[in-house]
Amino acid sequence: MPADPPWWTRAVVYQVYPRSFQDSDGDGIGDLGGILQRADHLADLGVDVVWLSPIYPSPQADNGYDISDYTDVDPLFGSLAQLDELITALHARGLKLVMDLVVNHTSDRHPWFEESRASRASPKRDWYWWRPPREGRAAGQPGAEPTNWHSYFSGPTWELDEARGEYYLHLFAREQPDLNWENPEVRHAVYAMMRGWLDRGVDGFRMDVINMISKDVAPDGSLRDGPPLPGLPYGDGTGSFLCGPRIHEFLQEMHREVFAGHPEQLLLVGEMPGVTVEQARLFTDPARAEVDMVFQFEHVGLDFDESKWRPRPLRMRDLKASFGRWQAGLADVGWNSLYWDNHDQPRAVSRFGDDSPRYRRDSATCLATLLHLHRGTPYVYQGEEIGMANAPFDSIDDFRDVESLNHFAQAVAHGEDPEAVLAALRRMSRDNARTPVQWDGSPSAGFTTGTPWIPVNPDATEWNAAAQRADPASVFAHHKRLITLRHTDPVVALGDFTMLLPEHDELYAFTRRLDGAALLVVCNLGASTHPLGELLPEAVAAELVLGNLTDDGDPAVLRPWEARVLRPVD
Ligand code: NOJ
């Protein structure tokens, strides 16, 4: 780290998923007016940055991650004037605003795509990935897709355009065609759009699946099949598009064209499924000028087998090995982002904690302590700060997400038992993260005066922000203390990291050290009690800086889901 470390080493980011945050006009869908109403909640929590999931015009096939105009705001969410108002309101409270940048793909209703598909002679014909059917197959025949890749949202990654007689590539839904970053016109159009947002006053970008923009294309323009996926008529194409051959070149070009010389202090975070720690070192090395940090996926991929729909219990030592490797790998170069939750993951307290009434508060605060005390920039996803949990979805009709609905249809069509598929959805569906924020105990939890687009979790009567704001023992109050600790103690922001007890099945412990100062963090990720005398004698005598349980307890014993931040004594 340089003598004057970047501001985001001390910062905490809060993610707003606008559709589910706060509705201001009674249509049951959250909007910018709603975020403005709740700006004081964010300031009170003490976070430094708001990352706003997409609010651009969109047909909403993937809740705004399918953008049909990069330069405006969807009337569903409000107007550009309201966005300006939000930027001003956040800046006035000392918060920054980071926009979602979704440029691996657009919506199929984006004028770029409409022009591209209009004819093979279109000047934008090459802005997307158009390919003829596989050799020897007629367009539309099963298996005629140009490659065998499986889409993230089920089915093939190719959709036939009957009129053009060619297929277009969509790694996600068929309404999300992939942009062709090989074409310099595409890149320069994206950079111009990004500069426009910075000029408007936004403070950076969270870059959606940005490590997918470079595809491994052969000189003759062909793309390769991937290895077959067990039980599916498709293959795994990720070898051809995760961190492809030109990814660093593209990000460095973007940096030069958009960020270089920008006087403001920006935050650039790249979402990168499948990224390894070695690759992340390159992406986040400041000398290379690419991004400040990446979202990696290793720790949210440890509790399932070949796909997220085949969940299995998490082994603590896997979690420690993974986090430990990332902490070590980015210790001297680069920087980590830290998260449990976002709009694509089930709720952390249900997934990694224990959402039973007995331990929900304690496990939510324990997980938060563990995360916030690592080296890196923590991200809080809306509702995480009040311990929101997975939703009790009854039937497939309760789900809204394209990924969940497509998976259910594909799995049932392939003969899987619908009840078993539903059980996996209840555990892993992204809709768990998308139920409305629980502001108070009223029928729609203070989210809307209308009918919410997805049902409010019935536990809102008990678990809500209003109940927690004034309660010093609440999950909310604990998050405030953690955020303050990062702001005030340089060891939390900048100290080095050493994992302790890597083999232990329930205790997660580590030290952070900086210039002779140290913190020892001990977390019990389970419902047993653990004497510390033999395992971690230094913890017994240490001074308590911050604990998650309401009374101090016996320093020699760690209670179920207890977390302690300690200052060792010499
Ligand atoms: C990652 C986003 O976080 C997710 O919500 C979206 O569905 C895909 N990228 C496609 O944009």
Side-chain angles (χ1 to χ4, degrees), residues 13-21 30 51-70 74 77 98-110 113 128-129 149-155 157 159 168-179 181 190 205-213 215 237-238 241-243 269-275 291 293-297 299-301 307-309 337 339-347 379-382 384 399-407 425 428-435 453-454:
V13 183
Y14 185 95
Q15 182 190 354
V16 169
Y17 191 67
R19 169 177 277 274
S20 304
F21 190 68
W51 148 28
L52 186 59
S53 278
I55 40 78
Y56 312 94
S58 160
Q60 303 288 322
D62 186 18
N63 290 358
Y65 283 90
D66 49 320
I67 296 171
S68 53
D69 178 356
Y70 286 118
D74 197 304
F77 296 124
V98 162
M99 296 284 273
D100 222 299
L101 178 81
V102 188
V103 290
N104 173 69
H105 44 268
T106 64
S107 160
D108 62 346
R109 307 283 292 282
H110 194 292
F113 186 71
Y128 294 82
W129 293 89
W149 305 347
H150 189 219
S151 152
Y152 282 102
F153 292 165
S154 302
T157 57
E159 181 74 7
Y168 66 84
L169 176 70
H170 60 91
L171 297 182
F172 293 89
R174 65 166 66 87
E175 297 89 347
Q176 293 169 297
D178 279 50
L179 279 165
W181 276 68
V190 168
F205 298 99
R206 172 270 186 189
M207 305 173 184
D208 191 71
V209 294
I210 200 70
N211 65 331
M212 299 189 191
I213 58 177
K215 275 77 174 173
T238 54
F241 57 76
L242 292 184
C243 298
V269 49
E271 187 207 24
M272 300 199 180
V275 70
V291 293
M293 60 193 86
V294 305
F295 288 133
Q296 55 96 1
F297 281 66
H299 65 295
V300 290
S307 94
K308 69 191 263 187
W309 308 118
S337 63
Y339 73 93
W340 291 124
D341 264 341
N342 59 44
H343 64 293
D344 294 331
Q345 302 294 333
R347 289 285 180 181
Y379 287 70
V380 178
Y381 176 65
Q382 63 184 37
E384 188 176 2
F399 292 89
R400 302 283 180 275
D401 178 26
V402 58
E403 181 192 49
S404 297
L405 298 176
N406 286 1
H407 169 67
L425 286 186
M428 299 305 272
S429 170
R430 309 195 295 182
D431 280 334
N432 281 301
R434 299 176 179 188
T435 61
W453 69 277
I454 187 170

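For the single chain, residues carry numbers from 1 onward in sequence order. No experiment lies behind these values; they were computed from the predicted model shown. Order of appearance sets the numbers: ligands from 1, and atoms from 1 within every ligand.
Ligand 1 lies out of reach of Tyr152, whose nearest heavy atom is not under 4.0 Å from it. The shortest separation from a heavy atom of Glu403 to ligand 1 is not under 4.0 Å, leaving the residue out of contact. Heavy-atom separations between Gln345 and ligand 1 are all 4.0 Å or longer.
Of all the atoms in ligand 1, the ones that sit under 4.0 Å from a non-hydrogen atom of His105 are 10 (C), 11 (O). Listed by atom number, the atoms of ligand 1 under 4.0 Å from Arg430 heavy atoms are 4 (C), 5 (O), 6 (C), 7 (O).
Nearest non-hydrogen protein atom to atom 9 (N) of ligand 1 is Asp208 OD1, 2.9 Å. The nearest heavy-atom contact from the protein to atom 6 (C) of ligand 1 is Asp62 OD2, 3.3 Å. For atom 3 (O) of ligand 1, the nearest protein heavy atom (residue, atom name, distance) is Asp344 OD2, 2.4 Å. The protein heavy-atom contact nearest to atom 8 (C) of ligand 1 is Phe172 CE2, 3.8 Å.
Below 30°, between 30° and 60°, or above 60°: for Tyr379 and Trp51 the angle between ring planes is above 60°, a perpendicular geometry.
In summary, of the residues considered (Ser107, Pro54, Ser58), a side-chain contact (heavy atoms from CB on, under 4.5 Å) with Val102 occurs for Pro54 alone. When the options Gln60, His105, His343 are evaluated for a side chain to side chain donor-acceptor pair (under 3.5 Å) with Tyr65, the one that passes is His343.
Atom OH in Tyr381 sits 13.5 Å away from atom OH in Tyr339 (nearest 0.5 Å).
Side chain to side chain, Thr106 and Tyr128 meet the donor-acceptor criterion of an N or O pair below 3.5 Å.
With a heavy-atom cut-off of 4.0 Å, Phe153 touches ligand 1 through its side chain alone.
Taking 4.5 Å as the limit, every side-chain heavy atom of Phe295 sits out of range of all side-chain heavy atoms of Asp344.
Using a 4.0 Å cut-off between a side-chain N of Lys or Arg and a carboxylate O of Asp or Glu, Asp74 and Arg19 do not qualify as a salt bridge.
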